[in-house]
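Comments concern the structure below.
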Amino acid sequence: YSGAVNVDWFGTTGNGVADDYLEIQAAINVADYGVVEFSKAAYAISQSLVLSNSITLRGIGGNSKSAGAMTIQPTAAYIADSTFKILVPNASNTGKIVLENIRLYKGGYGIYVDIDTQFLDKLETYRCVFQEHLSAGIAALSGTGSTGAIANGIYVSTITETDFIGCVKGQSIIDALKLNFNTDTT
């Protein structure tokens with residue numbers, strides 16, 4: 001099969017309450033190097049979605065910036081967990097992750113890259129919303145607190161028509177993006 005894979009083919013509920021983690025992860029695994037489409041209003045997950053190499057997640061049939069936007073959010077048990085990560089690349093991901101017309105809502109992080117173990121060549125967002133994350137909308141940080149040289153992380157990012165709303169509550173807008181930078185120029 002070639003073409004986009006729709007998460008609904010795997011039996012998602014898409015009501016924002018029932019846990020759709022297993023069905024969405026199965027769609028992501030099948031679409032390795034491809035496109036995964038989301039067509040319902042809201043999907044709840046109880047675990048981080050691990051993204052494979054060079055994958056696109058695309059919300060269809062709506063606008064990420066309007067009421068009823070296609071949303072991925074933690075289940076009720078994790079919605080207020082400041083450590084919960086909605087999307088993470090797999091450890092061998094050296095390709096790119098593209099998000100189109102998707103709203104990532106609540107939990108600790110929208111996208112989290114552990115720079116000690118993960119590398120992401122390119123991150124692109126188009127018409128996305130990162131909303132009310134307790135720690136950061138997009139983060140590339142050391143999971144071990146390492147302060148040494150950074151060998152991993154996000155190499156290039158393109159963020160287009162993307163909003164960061166209420167990330168991090170009570171803190172400055174700069175906290176919506178938390179990134180460690182490698183300043184080694186050799």
Side-chain angles (χ1 to χ4, degrees), residues 7 12-21 24-25 28 36-51 55-89 93 96-115 118 120 122-143 145 153-181:
V7 297
T12 57
T13 305
N15 65 6
V17 177
D19 187 2
D20 287 321
Y21 164 75
I24 295 171
Q25 190 64 62
I28 289 168
V36 177
E37 293 182 333
F38 297 79
S39 54
K40 294 179 182 167
Y43 298 87
I45 56 172
S46 61
Q47 298 177 48
S48 300
L49 295 171
V50 179
L51 303 179
I55 194 159
T56 298
L57 302 184
R58 178 182 299 142
I60 58 175
N63 182 339
S64 66
K65 298 183 177 194
S66 64
M70 199 304 297
T71 300
I72 302 173
Q73 66 189 39
T75 56
Y78 299 99
I79 208 153
D81 182 346
S82 65
T83 64
F84 189 88
K85 303 160 184 78
I86 295 177
L87 303 176
V88 296
N93 191 327
K96 70 178 178 178
I97 293 174
V98 178
L99 303 180
E100 298 175 356
N101 205 33
I102 287 183
R103 176 177 167 238
L104 299 180
Y105 183 61
K106 295 205 174 183
Y109 301 90
I111 300 173
Y112 185 91
V113 178
D114 181 340
I115 61 174
Q118 299 165 326
L120 182 57
K122 189 169 189 177
L123 171 65
E124 296 179 8
T125 66
Y126 176 70
R127 296 188 59 79
C128 292
V129 175
F130 293 83
Q131 187 171 359
E132 296 183 30
H133 299 292
L134 298 172
S135 297
I138 299 174
L141 302 168
S142 171
I154 303 171
Y155 186 66
V156 176
S157 294
T158 305
I159 300 173
T160 308
E161 294 185 43
T162 296
D163 295 335
F164 292 85
I165 303 169
C167 304
V168 175
K169 282 196 164 198
Q171 297 184 33
S172 68
I173 191 66
I174 197 69
D175 289 321
L177 297 168
K178 290 188 177 180
L179 308 171
N180 284 344
F181 295 96

Original post:
Are the side chain of D20 and the backbone N or O of T13 linked by a donor-acceptor pair below 3.5 Å?
Top reply: yes
**OP:** Compare all side-chain heavy atoms of I111 with those of I97 and state whether any distance is below 4.5 angstrom.
**Re:** no
Original post:
Can you check whether F164 reaches H133 side chain to side chain, under 4.5 Å on heavy atoms?
Top reply: no
**OP:** Under the side chain to side chain donor-acceptor pair (under 3.5 Å) rule, collect the residues that match up with Q47, sequence neighbours excluded.
**Re:** none
Original post:
Is there a side-chain contact between I24 and F38 (heavy atoms, below 4.5 Å)?
Top reply: yes
Original post:
What is the distance from atom CE of M70 to atom NZ of K40, rounded to the nearest 0.5 Å?
Top reply: 12.5 Å
Original post:
Measuring from T125:OG1 to I102:CD1, what's the distance to the nearest 0.5 Å?
Top reply: 10.5 Å
Subject >> Any F130 side-chain heavy atom under 4.5 Å of L99 side chain >> reply: yes
**OP:** With sequence neighbours left out, write down each residue that passes side chain to side chain donor-acceptor pair (under 3.5 Å) with S46, or none if nothing qualifies.
**Re:** D19
Subject >> Set of side chain to side chain donor-acceptor pair (under 3.5 Å) partners for Y105, sequence neighbours left out >> reply: none
Original post:
Sequence neighbours excluded, which residues qualify as side-chain contact (heavy atoms from CB on, under 4.5 Å) partners of S82?
Top reply: L134, S135
Subject >> Rounded distance (nearest 0.5 Å) linking atom CG of L87 with atom CG of L123 >> reply: 9.5 Å
Original post:
Got a sec, which residues hit ring pair (Phe, Tyr, Trp, His ring centres under 6.0 Å) with Y78, two or more places apart in sequence or on another chain?
Top reply: F84
Subject >> Contacts of type side chain to side chain donor-acceptor pair (under 3.5 Å), residue D81, not counting sequence neighbours >> reply: T83
Original post:
Do L57 and L49 come within less than 4.5 Å of each other through their side chains, counting heavy atoms only?
Top reply: no
Subject >> Partners passing side-chain contact (heavy atoms from CB on, under 4.5 Å) against V50 (at least two apart in sequence or in another chain) >> reply: Q25, V88, N90
**OP:** Using modelled atom types only, decide if a donor and an acceptor are shared between the side chain of Q73 and the backbone of G16 within a distance under 3.5 Å.
**Re:** yes
Original post:
What's the spacing between E37 CD and R58 CZ if we round to 0.5 Å?
Top reply: 5.5 Å
Subject >> Listed partners of A80 passing side-chain contact (heavy atoms from CB on, under 4.5 Å), at least two apart >> reply: none
